[in-house]
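I have placed the structure first, in the form of structure tokens, so that the comments after it can refer back to it.
Below, chains carry the letters A, B, ... as their sequence lines are ordered, and counting in each starts from 1. Computed from heavy atoms alone, side chains included, the values below leave out hydrogens, waters and symmetry copies. Bear in mind the structure is a predicted one, so any value in this text is a computation, not a measurement.
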Protein chains: 2
Amino acid sequence: MSPTPQPQWITARRKFIEAGGHTTQSFGLGRMIGQMYALLYLSPRPMCLDEIAQELGISKASVSTTIRQLERWTAVKSVWVKGDRRDFYEAETDFQAVLKHGLLATLRKKLDTAGKQIQVVEECLKEATNQTNGDDDKAMEVVVSRLERAKHFQGKVNGLLSNPLLDHLL
Amino acid sequence: MSPTPQPQWITARRKFIEAGGHTTQSFGLGRMIGQMYALLYLSPRPMCLDEIAQELGISKASVSTTIRQLERWTAVKSVWVKGDRRDFYEAETDFQAVLKHGLLATLRKKLDTAGKQIQVVEECLKEATNQTNGDDDKAMEVVVSRLERAKHFQGKVNGLLSNPLLDHLL
DNA sequence: AAATACGTTCAGTTTTTACTGAACGAATCT
DNA sequence: AGATTCGTTCAGTAAAAACTGAACGTATTT
């Protein structure tokens, strides 16, 4: 009995999944998040945790945590399957929506915390402008001006990310 | 003899450096790359490797490798100091330039390799369209159409990143 | 009510990434 | 030429991240 050869499209599917993993990995998001999204993205029907785990060869625990990362990114959503109490998930195939509500939102948030940190430093610095320590005044002035610049830029990018025009470009 | 208290602006500077580290870390770029850039960004004059190493409390080996990451991002550049054979570096303070030549360029490259991977999968899939395996035809068709979609989107984003309009928005 | 099936959490482990110290070649100084 | 002083590389180590199996709470089934 000859061993049933894998249909070509299944190996293609697997390659796509691997590619997804590599891509997210290269973006510093970890490998699994990409593989899992890719798997769901190519699936004709919602999948439950165990199916995903088996398909990717990882533990259910990993699936559980990773799938919720994907949910935060609005990259997947859970769907109801009647007569089955398991949680099923399907991919959000609208990349534009994922980018908008997932990636850009995350970006904004990170930029925002960066801004807050600058704010803190700035206030810490204001208390220093009184202590005139003649010697390295110049060094301090550089710090002040550069900090100002950084803050300004942060605001600029933040504005860009909120710019409705950006949505139209997609 | 009272212990000389740190001038306030120096603690502010240190906080800024830490913040830089946390920021780059949150973007999956590692902590040191942010700290090092922040240090140079606030420095009134170019710094040599040993100064950087001492200031950040890390080995010169780390400085050497990290500084070249920063160079690849066009975030720092080496400058000549006459009468000193050491390599000095200063920060590129024009964030816009860094974004354009560093971040966006890197982004494009990664998107590009992602595109190539899709290409490979697509070709692998074309060979499969002949083998009509009636049973899971539907599953395969989903794969084909989704793949098409992914490819289309990849091209779209790639176009956006190359769009000169993007530069104007900054 | 007991038993089963789910998804989540968490301590522990594996894997990956970041960092270091020592060794080296090249350039500069004596 | 010999002795320093650089920057880089690399094998080894330390730190961080990803992953797992077992235990648990909750909901469903029998």
Give me the ring orientation class for B:Tyr41 and B:Phe95: parallel if the planes are under 30° apart, tilted from 30 to 60°, perpendicular past 60°.
tilted

Most 5' of A:Ser62 and B:Asp50 on DNA chain D, judged by nearest nucleotide
B:Asp50

So, is [X] close to the [N] phosphate, meaning a side-chain N or O under 4.0 Å from OP1 or OP2?
| X | N | result |
| --- | --- | --- |
| B:Arg85 | C:dC29 | no |
| A:Arg31 | C:dT17 | no |
| B:Ser64 | D:dT8 | yes |

Looking at B:Glu55 and B:Arg14, is any side-chain nitrogen of the basic one under 4.0 Å from a carboxylate oxygen of the acidic one?
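Counted as a salt bridge, because a side-chain N and a carboxylate O are separated by less than 4.0 Å.
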
Do the charged groups of A:Arg86 and A:Glu51 touch, with an N to O distance under 4.0 Å?
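No.
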
Of B:Leu29 and A:Cys48, whose closest DNA chain C nucleotide lies nearer the 5' terminus?
A:Cys48

Could you please name the option among C:dT20, D:dT8, D:dG21 that lies closest to any side-chain atom of B:Ser59?
C:dT20

Let's see if you can work this out: which of C:dT20, D:dG7, D:dT20 has an atom nearest to the side-chain heavy atoms of B:Ile58?
C:dT20

Spacing of [X] atom [atom1] relative to [N] atom [atom2], expressed in whole Å:
| X | N | atom1 | atom2 | answer |
| --- | --- | --- | --- | --- |
| B:Asp87 | D:dT8 | CG | C1' | 11 Å |
| B:Glu71 | D:dG7 | CD | P | 12 Å |
| A:Leu56 | D:dT20 | CG | C1' | 15 Å |
| A:Gln25 | C:dT17 | CD | C1' | 11 Å |
| B:Gln54 | D:dC6 | CD | P | 13 Å |
| A:Leu49 | C:dG7 | CG | P | 4 Å |
| B:Asp84 | D:dT4 | CG | P | 19 Å |
| B:Ile33 | C:dC19 | CD1 | P | 10 Å |

Got a donor-acceptor pair under 3.5 Å from the side chain of B:Arg86 to the base of D:dT5?
no

Gap between atom CE of A:Met36 and atom OG1 of A:Thr66 - 0.5 Å precision
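Reported value, rounded in 0.5 Å steps: 4.0 Å.
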
Counting only heavy atoms not in A:Arg45, do more than 12 sit closer than 6.0 Å to its CZ atom?
no

